[in-house]
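As structure tokens, the structure follows; a few thoughts come after it.
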Amino acid sequence: MRFLPALLPLSLLLASCAAQESVSEIAASPDELTLALERYASLENGESDFQEALTGSALVSALETQALLDSVGYRRLGRPSFEVIELSSQSSRVCMDLSGIAIVNSEGERVETTGERLQVSVKLEDGLIDTFEVGDSKC
């Protein structure tokens, strides 16, 4: 019975190591995140296109943004590029470069947009982008 108190810290240590291993196993791989970002960058404007790369709040946000663009007669030309800054099992940090994007009005004239590089928090769910939150920080 005297050994039981001595074994308790050891069992807690082993349990925490096992928990850490399972967390790292479910972390998105760099290839999985890169593939998801590539699919996102190449999206067209339709809902079915969005569903090939997005789910959850990212899908809702993309649909709302597209509806807003459609309502004023704007189109997106070009595509963003992405660079993974920090890979995490919770939410990875990505640098989104908007310099390759142009927004044009219904006459085809370019609308003033930003060509910034912004930090984005991205979370994957089953290989799709579930959360896509643009931060205040530039990269």
Side-chain angles (χ1 to χ4, degrees):
M1 264 331 225
R2 292 188 308 168
F3 295 110
L4 187 58
L7 290 176
L8 185 59
L10 178 61
S11 64
L12 290 175
L13 175 67
L14 291 174
S16 69
C17 289
Q20 288 174 355
E21 285 178 13
S22 64
V23 167
S24 66
E25 288 174 11
I26 57 174
S29 72
D31 293 338
E32 182 182 28
L33 180 57
T34 301
L35 181 60
L37 291 168
E38 272 299 309
R39 277 195 316 264
Y40 174 71
S42 64
L43 290 177
E44 296 298 324
N45 298 330
E47 181 175 348
S48 61
D49 292 323
F50 289 145
Q51 291 176 346
E52 292 178 22
L54 306 172
T55 188
S57 66
L59 177 59
V60 170
S61 182
L63 291 172
E64 289 173 350
T65 300
Q66 188 59 51
L68 178 63
L69 289 172
D70 290 344
S71 72
V72 294
Y74 289 178
R75 291 181 298 127
R76 174 187 65 120
L77 302 176
R79 55 187 283 176
S81 61
F82 297 96
E83 176 187 346
V84 177
I85 299 170
E86 179 184 338
L87 194 62
S88 168
S89 62
Q90 297 300 314
S91 183
S92 298
R93 287 188 317 129
V94 174
C95 182
M96 177 176 62
D97 184 350
L98 299 174
S99 63
I101 298 282
I103 305 295
V104 296
N105 63 19
S106 57
E107 288 80 38
E109 299 167 338
R110 189 178 178 125
V111 177
E112 189 64 34
T113 58
T114 181
E116 294 181 314
R117 292 172 47 92
L118 302 170
Q119 281 192 31
V120 180
S121 295
V122 177
K123 181 179 177 189
L124 295 183
E125 181 73 33
D126 296 327
L128 301 175
I129 297 172
D130 180 63
T131 305
F132 190 87
E133 297 175 348
V134 179
D136 295 331
S137 302
K138 295 181 181 180
C139 46

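What you see is a predicted model; the values in this text were computed from it and never measured.
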Just how far is it from atom [atom1] of [X] to atom [atom2] of [Y], taken to the nearest 0.5 Å?
X: Leu59; Y: Glu52; atom1: CG; atom2: CD; answer: 11.5 Å
X: Asp70; Y: Ser106; atom1: CG; atom2: OG; answer: 12.0 Å
X: Leu37; Y: Glu83; atom1: CG; atom2: CD; answer: 11.5 Å
X: Leu33; Y: Ile129; atom1: CG; atom2: CD1; answer: 7.5 Å

Disulfide (SG to SG under 2.5 Å) partners of residues 66-139, not counting sequence neighbours, each pair once: Cys95-Cys139
Pairwise disulfide (SG to SG under 2.5 Å) hits with a residue in residues 98-137, at least two apart: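 Found none.
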Salt bridge (charged side-chain N to carboxylate O under 4.0 Å, His left out) partners of residues 120-139, not counting sequence neighbours, each pair once: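 Sorted result for residues 120-139: Glu116-Lys138.
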Sequence neighbours excluded, every pair satisfying salt bridge (charged side-chain N to carboxylate O under 4.0 Å, His left out) that has a member inside residues 55-65: none
Contacts of Ser99 that satisfy side chain to side chain donor-acceptor pair (under 3.5 Å) - sequence neighbours left out: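 Scan of Ser99 (side chain to side chain donor-acceptor pair (under 3.5 Å), adjacent residues dropped) gives Asp97.
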All side chain to side chain donor-acceptor pair (under 3.5 Å) counterparts of Arg79, not counting sequence neighbours: Glu38
Are any side-chain N or O atoms of [X] and backbone N or O atoms of [Y], one a donor and one an acceptor, separated by less than 3.5 Å?
X: Ser61; Y: Ala58; result: no
X: Arg110; Y: Ala102; result: no
X: Thr34; Y: Asp31; result: no
X: Ser92; Y: Ser88; result: yes

Answer with yes or no whether the hydrophobic clustering places [X] together with [Y]; edges join I, L, V, M, F, W, Y residues whose side-chain heavy atoms lie under 4.5 Å apart.
X: Val120; Y: Leu35; result: no
X: Val134; Y: Leu63; result: yes
X: Leu54; Y: Leu118; result: yes

Salt bridge (charged side-chain N to carboxylate O under 4.0 Å, His left out) partners of Glu86, counting only residues at least two apart: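 If we apply the salt bridge (charged side-chain N to carboxylate O under 4.0 Å, His left out) test to Glu86, skipping adjacent residues, the hits are Arg93.
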Side chain to side chain, Val94 and Gln119, heavy atoms closer than 4.5 Å: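 Side chain of Val94 against side chain of Gln119, heavy atoms only: no contact under 4.5 Å found.
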Side chain to side chain, Arg39 and Leu43, heavy atoms closer than 4.5 Å: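 Result no, sub-4.5 Å side-chain heavy-atom pair not found.
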Verdict with supporting geometry, Leu124 and Glu32, side chain to side chain contact (heavy atoms under 4.5 Å, CB included): CA-CA 9 Å; Leu124 295 183; Glu32 182 182 28; 3.8 Å; yes
Under 4.5 Å side-chain linkage, directly or through intermediates, the cluster mates of Leu77: Val104
Sequence-distant partners of Tyr40, ring pair (Phe, Tyr, Trp, His ring centres under 6.0 Å), two or more places apart: Phe82, Phe132
Which atom of Ala36 lies closest to which atom of Gly127, heavy atoms considered: CB-O, 3.7 Å
Residue list, side-chain contact (heavy atoms from CB on, under 4.5 Å) with Ile101, at least two apart or on another chain: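 Ile101 satisfies side-chain contact (heavy atoms from CB on, under 4.5 Å) with Arg76, Pro80, Leu98, Ile103 once adjacent residues are dropped.
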Pairs satisfying ring-ring contact (aromatic ring centres under 6.0 Å, His included), at least one member in residues 94-119, at least two apart: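 Those involving residues 94-119 do not exist here.
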